[in-house]
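For reference, the structure is listed below as structure tokens.
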Number of protein chains: 2
Amino acid sequence: MMTMARAATTSDVFNAIAEPQRREILVLLRAGERPVTELAQELGMTQPGASKHLRVLREVRLVRVRGAGKQRLYGLDARGLRPVHEWTGGFERFWNESFDRLDTYVQDLKQTQQEE
Amino acid sequence: MMTMARAATTSDVFNAIAEPQRREILVLLRAGERPVTELAQELGMTQPGASKHLRVLREVRLVRVRGAGKQRLYGLDARGLRPVHEWTGGFERFWNESFDRLDTYVQDLKQTQQEE
DNA sequence: TCATCATATTCCGATATCGGCATGCGTCAA
DNA sequence: TTGACGCATGCCGATATCGGAATATGATGA
């Protein structure tokens, strides 16, 4: 029993921001709190769709909710993004590296780099 | 067959690093190139398991491969992590905020908006 | 209380994902 | 060529995910 096909990926921040629409929500919330319907409207998704993504973001505490009358105002709580920033920062010295010993391969890399 | 239950999440970097074991692989590769079996061994996963994760990382170009005789040496190509670092960095101003006072929150927002 | 607006939840079908296992493919050495 | 090694791929079952539609819950005001 319990064959477990997947690790505990869910409900962690990396997973939450893996979804493009959820990232869009977070970006929008930088400009300030917003009710669900407004978010849905601005991002071109349905209300249930927005609610579901907000639920995920709430569960990993990237957003907080505040009841305001009939509405529920969602606001950013970006503290959870810090670990991600720091984790990727741990690779900072590698992403400009020259890979000198892999001679031919390096040239390709540098060319690709210029295209970006 | 065009029902599309999911956006094009796959094969982007955010998705690739959403998986804990893939992050572990990347961390290990900071220490240098490694063949598949060695990676699998050090991370306590099966060889096919390692190969599959490496495939995902290869597809988003976070790793590169180099044939070395019978072996295939996987190496880090961390450039793809830079966008993630920068995206999260866009929230840097928000993750030290005190959510106790809405006043300060709004002030910071105005400040941020002027800079962008 | 009742109607209404705002939001959350549930159910559904399609697909994606992950791990395990078996097998295929490529490379090297004898 | 053959066999052994290193690795990739294919298949499978279990589960997770996403979007859409319908519905349930909650708050407000008449």
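Reminder, nothing fancy here: chain letters follow the sequence lines and each chain counts from 1. Predicted, not measured: the structure shown is a model, and the values here were computed from it.
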query = Closest to the Glu19(B) side chain: dG19(C), dA8(D), dC7(D)?
reply = dG19(C)

ask   = So does Gln41(B) have more than 12 non-hydrogen atoms from other groups sitting under 6.0 Å from CD?
value = no

query = What is the nucleic acid contact for Gly49(A), judged by heavy atoms within less than 4.0 Å: base, sugar-phosphate only, or nothing?
reply = nothing

query = Which residue lies toward the 5' end of DNA chain D, Tyr74(B) or Lys70(B), if each is placed at its nearest nucleotide?
reply = Lys70(B)

message = Without decimals, in angstroms, what is the distance between Ile25(B) CD1 and dC7(D) P?
response = 13 Å

key: Phosphate OP1/OP2 of dA8(D) contacted by Arg55(B) side-chain N/O (<4.0 Å)   = no

query = Considering only dA8(D), dG19(C), dT7(C), which nucleotide approaches the side chain of Gln21(B) most closely?
reply = dG19(C)

query = So what does Ser51(A) touch, heavy atoms closer than 4.0 Å: a base, only the sugar-phosphate, or nothing?
reply = base

task = Look at Arg72(A) and dG26(D) and indicate whether a side-chain polar atom (N or O) is within less than 4.0 Å of OP1 or OP2.
result = no

message = Using a heavy-atom cut-off of 4.0 Å across all strands, would you classify Gln47(A) as base, sugar-phosphate, or nothing?
response = base

request  = Compare side-chain N and O positions of His53(A) against OP1 and OP2 of dG19(D) and report whether any pair is under 4.0 Å apart.
outcome  = yes

query = So does Arg30(B) have more than 12 non-hydrogen atoms from other groups sitting under 6.0 Å from CZ?
reply = yes

query = Closest approach of Leu28(A) and Arg34(A), non-hydrogen atoms and distance?
reply = O-NH1, 3.3 Å

query = Between Arg58(B) (side chain) and Arg64(B) (backbone), is there a donor-acceptor pair under 3.5 Å?
reply = no

message = If you only use heavy atoms from C-beta on, which nucleotide in dG10(D), dA6(C), dC18(C) is closest to the side chain of Thr37(A)?
response = dA6(C)

query = What nucleotide among dT17(D), dC21(C), dT7(C) has an atom nearest to a side-chain atom of Lys52(B)?
reply = dC21(C)

task = Could you state the atom-to-atom distance from CG of Leu43(A) to P of dG19(D) in whole Å?
result = 12 Å

remark   = Here the distance between atom C1' of dA16(D) and atom CZ of Phe14(A), to the nearest Å, is 20 Å

request  = Report which part of the nucleic acid Pro35(A) touches: base, sugar-phosphate, or nothing (heavy-atom distance under 4.0 Å, all strands).
outcome  = sugar-phosphate

